[in-house]
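Below is one structure, written out as structure tokens, with a few remarks after it.
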Amino acid sequence: MCGIFGYLGKKNSIKACLNGLKLLEYRGYDSAGIAAIKNNRLINFKASGKISSLEKKIHLKHLNLDIAIGHTRWATHGKANDKNAHPHFDEKKHIAIVHNGIIENYDVLKKDLKDKGFKFRSETDSEVIAQLLSKNYKNDLLETTIKTLTELKGSLAIALIHKNHPNEIVCATRESPLVIGFDDKKNEFLISSDLNAFLGRNLNVIFLKNDEIAHIKQKEIKVINLKKQIIFKKLEKLNSKNQNFSKKGFKHYLLKEIFEQPLTIQKAYLGRIFEEKGQVEFEHLNFTKSFLSQIDNIIITACGTSYHAALIAKTYFEEKANILTSAEIASEMRFKNLLVTPNTLVIAISQSGETADTIAALKLAKEKKAKTLSIVNVQNSTIARMTEESIFLKAGPERSVCSTKAFTSQITVLYLLAIYLARQRSMQKKEGMLFLKELKKTPNKVRKVLQISSLIKEKAKKYAKFENIFFLGRNLMFPTALEAALKLKEISYVNANAYPAGEMKHGPLALISQKVPVIAFLANKKTYDKMLSSLMEAKARGALILAFASKNSYGIEDIADDVIWLENTIDELSIFPSSVAAQLFAYFVAVIRKTDIDHPRNLAKSVTVE
Ligand code: AGP
């Protein structure tokens with residue numbers, strides 16, 4: 001899940017590429033590179049690591065060029081080093097390409113090219129594209145690209161330049177996102193893996209679909225398909241001139257986004273709650289009333305943090321709306337024999353809207369003719385455009401690889417959706433009013449957690465030295481424990497395992513000792529007593545225990561070594577204070593362990609490869 005960028009226009013193209021790549025860095029930061037055309041020759045710069053290392057290698061003053069392509073890498077094939085960094089070239093260095101995706105038949109193609117005498121410089125699948133383009137090149141870049149695309153299998157978003165075509169960029173896509181932006185006068189064209197690279201601009205944008213090719217020249221753009229038919233693309237307007245990716249004075253994007261949550265939770269329900277009627281309404285949700293009232297099976301599919309939100313929604317939909325619900329890990333669902341009826345609703349949850357596994361699972365649901373709804377943060381994303389209906393989180397851009405505000409906004413929307421469906425079934429107005437009233441108190445309860453961040457920091461100091469930690473919870477607190485463990489894994493590299501507390505005695509308890517602490521979530525009244533007995537079993541085996549508990553709970557202070565007291569709330573909403581407290585805990589442990597919090601190793605923000 002790399003980030004590709006391209007620029008053709010009047011401004012300094014290499015500078016434009018550097019700025020674009022900085023805004024795409026969360027997609028991968030193993031290595032980066034830029035290629036441009038100067039005096040009919042290809043020039044290029046590559047560096048391992050972040051864009052800042054590449055920037056150090058480029059002296060912009062002498063390089064005021066008007067065409068360039070760039071790439072920031074998340075390694076799939078070949079180590080993270082200069083040799084495997086993009087752009088990649090053909091042997092004669094006439095063509096340069098940048099690629100996001102995986103060429104599934106690259107080894108067969110590479111062998112065939114090698115048999116024809118082609119020499120390769122890197123271990124990547126992407127270099128095969130450059131060599132194939134060179135083999136197919138007959139002075140026409142478009143013809144060359146069409147021929148080459150028909151030989152490639154797998155997912156790809158590419159942009160390419162040729163030294164003999166100094167005013168042309170060709171880009172194409174298949175199963176990988178690619179968007180093109182340009183100003184009204186077509187003085188400049190920007191190509192990117194996603195809209196984030198256009199932040200701070202007002203542009204016309206078009207999204208390329210599978211096997212569409214865009215041919216960009218000075219002041220003109222043409223989009224065709226593999227049959228060379230002209231495709232008329234719907235222009236969308238991007239107005240993000242006033243948006244920026246500043247950290248607003250916080251040290252890391254992660255901390256900034258954690259502290260945004262009182263506001264983002266509110267934004268997720270504003271205009272959707274009609275408390276006096278105990279009702280919920282979603283703008284632009286156009287499923288028919290009859291379908292909504294007859295849904296008898298909900299299948300939620302997602303990955304990572306979004307999957308943890310799906311697990312929580314399963315309980316919401318089953319307990320509030322009495323609808324049979326399954327939460328499916330997308331990368332597994334795609335291999336299932338999915339059972340769908342006319343009254344099945346498939347919901348895809350995704351912050352980025354670009355996660356390849358979720359896209360593949362959604363494709364399966366569509367093949368089975370299921371009704372589809374997406375809950376996404378990025379409007380115009382692939383998943384938003386794939387489903388019949390969408391509900392947007394309105395959380396604003398989430399830059400940190402470690403998702404936080406999107407998670408609490410997902411829970412807010414899913415909670416609202418459960419009440420929306422329940423009110424079309426047996427839930428009475430009074431009950432609806434109560435649940436909505438409680439939700440509106442949540443931003444303040446989260447604010448209270450942010451106010452005890454220094455206390456959480458103190459606790460983090462005590463637990464940061466441990467390499468293995470168990471996270472325990474029951475019922476809604478189990479997915480809360482899963483999410484808390486994932487945060488700690490992602491940014492502090494602690495081997496954090498989450499378990500339903502009742503499961504410990506069936507095996508994992510064997511790992512408990514003074515070296516393996518337990519972090520427990522007890523803010524659920526329904527499971528509180530049972531949680532206490534599970535913790536006593538762990539305590540009896542010498543475990544250090546840190547508990548996240550509601551202020552009105554008793555007994556835990558006698559078992560746990562440390563307790564972080566959270567605002568009381570109803571069980572359904574106890575996830576919010578618990579999750580935000582756990583996010584802060586993970587953050588402070590990572591600060592103490594000195595990890596690169598905004599660029600966690602081996603990860604990237606949106607996972608666009610399967
Ligand atoms: C969460 O912190 C991770 N970045 C990751 O697990 C993420 O939730 C997962 O890749 C799904 O991403 P999505 O919500 O954009 O689809």
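The structure presented is a predicted model; accordingly, all values stated were derived computationally and were not measured. Atoms within a ligand are numbered from 1 in the order they appear, just like the ligands themselves.
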Going through the checks in order, is the salt bridge (Lys or Arg N to Asp or Glu O under 4.0 Å) test met by E458 and K462?
CA-CA 7 Å; E458 282 316 304; K462 184 172 171 183; over 6 Å; no
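At least one heavy atom of K487 sits closer than 4.0 Å to an atom of ligand 1. Close to ligand 1: C303, with a non-hydrogen atom less than 4.0 angstrom away. In this structure, V401 has a heavy atom closer than 4.0 Å to ligand 1.
The heavy atom nearest to atom 14 (O) of ligand 1, out of those in A309, S306, S381, is found in S306.
Taking atom 15 (O) of ligand 1 as the reference point, the nearest protein heavy-atom neighbour is S352 OG, 2.6 Å. For atom 6 (O) of ligand 1, the closest heavy atom belonging to the protein is G304 CA, 3.3 Å.
The pair E388-K371 meets the salt-bridge criterion, with a side-chain N (NZ, NE, NH1 or NH2) lying under 4.0 Å from an Asp/Glu carboxylate O. Note on E260 versus K256: salt bridge recorded, some NZ/NE/NH1/NH2 to OD/OE distance being below 4.0 Å. For K405 and E398, the salt-bridge test fails: no basic side-chain N is under 4.0 Å from an acidic carboxylate O. Between E318 and K314 a salt bridge is recorded (basic side-chain N to carboxylate O distance below 4.0 Å). Looking at E283 and R272, a side-chain N of the basic residue comes within less than 4.0 Å of a carboxylate O on the acidic one, giving a salt bridge.
Aromatic ring orientation, H252 versus Y587: perpendicular (interplanar angle above 60°, classes split at 30° and 60°). Ring geometry for Y415 versus F435: interplanar angle over 60°, hence perpendicular rather than tilted (30 to 60°).
Listed by atom number, the atoms of ligand 1 under 4.0 Å from C402 heavy atoms are 2 (O). The ligand atoms of ligand 1 that sit less than 4.0 angstrom from a heavy atom of V607 are 10 (O). Contact atoms of ligand 1 toward Q351: 13 (P), 14 (O), 15 (O), 16 (O) (distance under 4.0 Å to a heavy atom of the residue).
Residue contacts with ligand 1: Q410 is placed with no nitrogen or oxygen under 3.5 Å of a nitrogen or oxygen of the ligand (distance criterion only). Between T305 and ligand 1, at least one N/O pair is under 3.5 Å apart. Residue T355 has at least one nitrogen or oxygen atom sitting less than 3.5 Å from a nitrogen or oxygen atom of ligand 1, judged on distance alone.
With 3.5 Å as the limit, one finds a donor-acceptor pair spanning the side chains of Q261 and T408.
Of all the heavy atoms of E490, the ones lying under 4.0 Å from any atom of ligand 1 belong exclusively to the side chain.
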